[in-house]
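Comments concern the structure below.
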Amino acid sequence: ADVRMGRLIDVSVPLSEQLPIWPGSPGVRFSSLQSLADGDDSNVSFLEMDVHCGTHIDAPAHLLENGATMDELDLARLNGLTYVADIGGGKVIEPADLEGAGIPQQAQRVLLRTRNSQDGARYKTPFTKDYMALTIDAAEWLCNHEIGVVGIDYLSIQKFEDPLNTHIVLLEAGMAIIEGLDLCAVEGGWYEMICLPLSLISAAAAPARGVLRG
């Protein structure tokens, strides 16, 4: 497949205290350690956050006892030719939705653009439980098609009320999961993805900056 050369599209969410956060998470907090306005010689900010805020990557260690941690992830797997699958609307993503999205057989990295991306203010409003995400059957479909990286356009790859089985199926297959993507400005098709998580030693997840070249 040919990658359409062009501008970089930032598909990560700017970190702020206004971001929607998973219930129970402390979220993101900024504070000032030093300030020019207070007479200090520099501005120095302090950041406190849950590593699952905003755009982030789940490592296998998130749910698997002996799973790989963030510093052990292979960056080559996260970066390269990527297919954005336009799933459209619906309550959940079923295998039939993945079949109908025209995901090419050779795709190794797939980002799922759903009805979540039809709401440009979704990341500027409080957390909502009605986001679109994978069923466990759809997760198994991705595994059977040997996808190595999957991304979604809200804070979780699975529905809020579902058990963690969907995550576990993906992570046991060695898949890297990118959550909290902003795909509002992206159309379906092939792109080159550059996605770099923070290399956090022994962490089960990490914030990431992701861009698509298309």
Side-chain angles (χ1 to χ4, degrees), residues 9 11-13 18-25 27 50 52-58 60 62-64 82-105 107-191 193 195 205 208 210 212:
I9 305 170
V11 292
S12 47
V13 180
Q18 285 70 49
L19 273 178
I21 56 173
W22 197 261
S25 167
D50 169 4
H52 293 271
C53 291
T55 308
H56 63 278
I57 293 174
D58 285 350
H62 180 36
L63 291 170
L64 306 181
T82 300
Y83 191 78
V84 174
D86 202 342
I87 303 296
K91 182 173 175 58
V92 292
I93 304 171
E94 300 277 9
D97 298 310
L98 298 174
E99 291 279 0
I103 299 172
Q105 186 175 356
Q108 297 178 341
R109 305 170 189 87
V110 174
L111 307 184
L112 304 172
R113 188 185 192 279
T114 74
R115 64 170 166 80
N116 302 334
S117 292
Q118 295 168 10
D119 179 2
R122 186 169 285 268
Y123 285 115
K124 299 175 183 176
T125 54
F127 176 79
T128 177
K129 299 178 182 179
D130 75 343
Y131 60 88
M132 193 172 179
L134 291 175
T135 62
I136 190 168
D137 291 340
E140 289 172 347
W141 186 98
L142 291 171
C143 295
N144 292 337
H145 286 74
E146 299 182 346
I147 306 297
V149 178
V150 62
I152 191 79
D153 51 357
Y154 202 56
L155 296 185
S156 180
I157 198 72
Q158 67 179 59
K159 290 296 292 177
F160 181 79
E161 65 274 10
D162 284 356
L164 293 170
N165 301 11
T166 303
H167 265 90
I168 291 171
V169 163
L170 298 172
L171 295 173
E172 284 185 338
M175 209 173 298
I177 301 172
I178 311 174
E179 297 173 320
L181 288 166
D182 180 357
L183 300 178
C184 289
V186 180
E187 298 178 350
W190 286 106
Y191 296 84
M193 179 166 67
C195 184
L212 300 178

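Side-chain atoms are counted along with the backbone in the values below, which use heavy atoms only and exclude waters and symmetry mates.
- In this pair, W190 and Y83 present their aromatic rings perpendicular. The plane angle is above 60°, beyond the 30 to 60° band.
- In this structure, I168 and L64 approach most closely via the heavy-atom pair CG2-CD2, 4.2 Å.
- Applying the side-chain contact (heavy atoms from CB on, under 4.5 Å) rule to Q108 yields no partners; only residues at least two apart in sequence or on another chain are considered.
- Atom CD of E146 is surrounded by 12 or fewer heavy atoms from other residues, nucleotides or ligands within 6.0 Å.
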Which pairs would a plain distance check flag for residues 131-139, meaning a side-chain donor or acceptor within less than 3.5 Å of a matching protein atom at least two apart in sequence or in another chain?
residue	atom	partner	partner atom	Å
Y131	OH	Q158	O	2.7
Y131	OH	F160	N	3.0
T135	OG1	I93	O	3.3
T135	OG1	E94	OE1	3.4
T135	OG1	A138	N	3.1

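- Under the side-chain contact (heavy atoms from CB on, under 4.5 Å) criterion, T128 pairs with R122, D130, Y154, not counting sequence neighbours.
- For the pair C195/I57, a side-chain contact is recorded, criterion being any heavy-atom separation below 4.5 Å from C-beta on.
- A 4.5 Å side-chain heavy-atom check between W141 and I103 finds at least one atom pair inside the cut-off.
- Applying the ring-ring contact (aromatic ring centres under 6.0 Å, His included) rule to pairs touching residues 170-189 yields nothing, sequence neighbours excluded.
- Legend: residues meeting side-chain contact (heavy atoms from CB on, under 4.5 Å) with T82, ordered by chain and number and at least two apart, are R109, L111, M193.
- The distance from atom CG of D50 to atom CG of L19, rounded to the nearest 0.5 Å, is 11.5 Å.
- What you find for F127 and I21 is that their closest heavy atoms are CB-O, 3.2 Å.
- Nearest approach of D153 to S117, heavy atoms of both residues: OD2-OG, 2.6 Å.
- The 12-atom threshold is exceeded at CD of E161, counting heavy atoms of other residues, nucleotides or ligands nearer than 6.0 Å.
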For a quick test of your reading: what N or O donor-acceptor pairs under 3.5 Å do the side chains of residues 175-183 make, sequence neighbours left out?
residue	atom	partner	partner atom	Å
E179	OE1	H56	NE2	2.9
E179	OE2	I157	N	2.9
E179	OE2	H167	NE2	3.0
D182	OD1	C184	N	3.1

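- Distance check, rounded to the nearest 0.5 Å: CD of E140 to CG of N165 gives 9.5 Å.
- When every heavy atom of V110 is checked against every heavy atom of A85, the shortest pair comes out as CG1-CB, 4.1 Å.
- Counting only heavy atoms from C-beta outward, the side chains of L112 and L98 approach each other to under 4.5 Å.
- In terms of modelled atom types and a separation under 3.5 Å, the side chain of T125 and the main chain of A121 share a donor-acceptor contact.
- Under a 3.5 Å cut-off, the side chain of R113 and the backbone N or O of E187 do not form any donor-acceptor pair.
- Nearest approach of A101 to I87, heavy atoms of both residues: CB-CD1, 3.8 Å.
- In this structure a side-chain-to-backbone donor-acceptor pair under 3.5 Å is missing from T55 to A208.
- Proximity of L155 to Y123: side-chain heavy atoms (C-beta onward) are separated by under 4.5 Å at one or more points.
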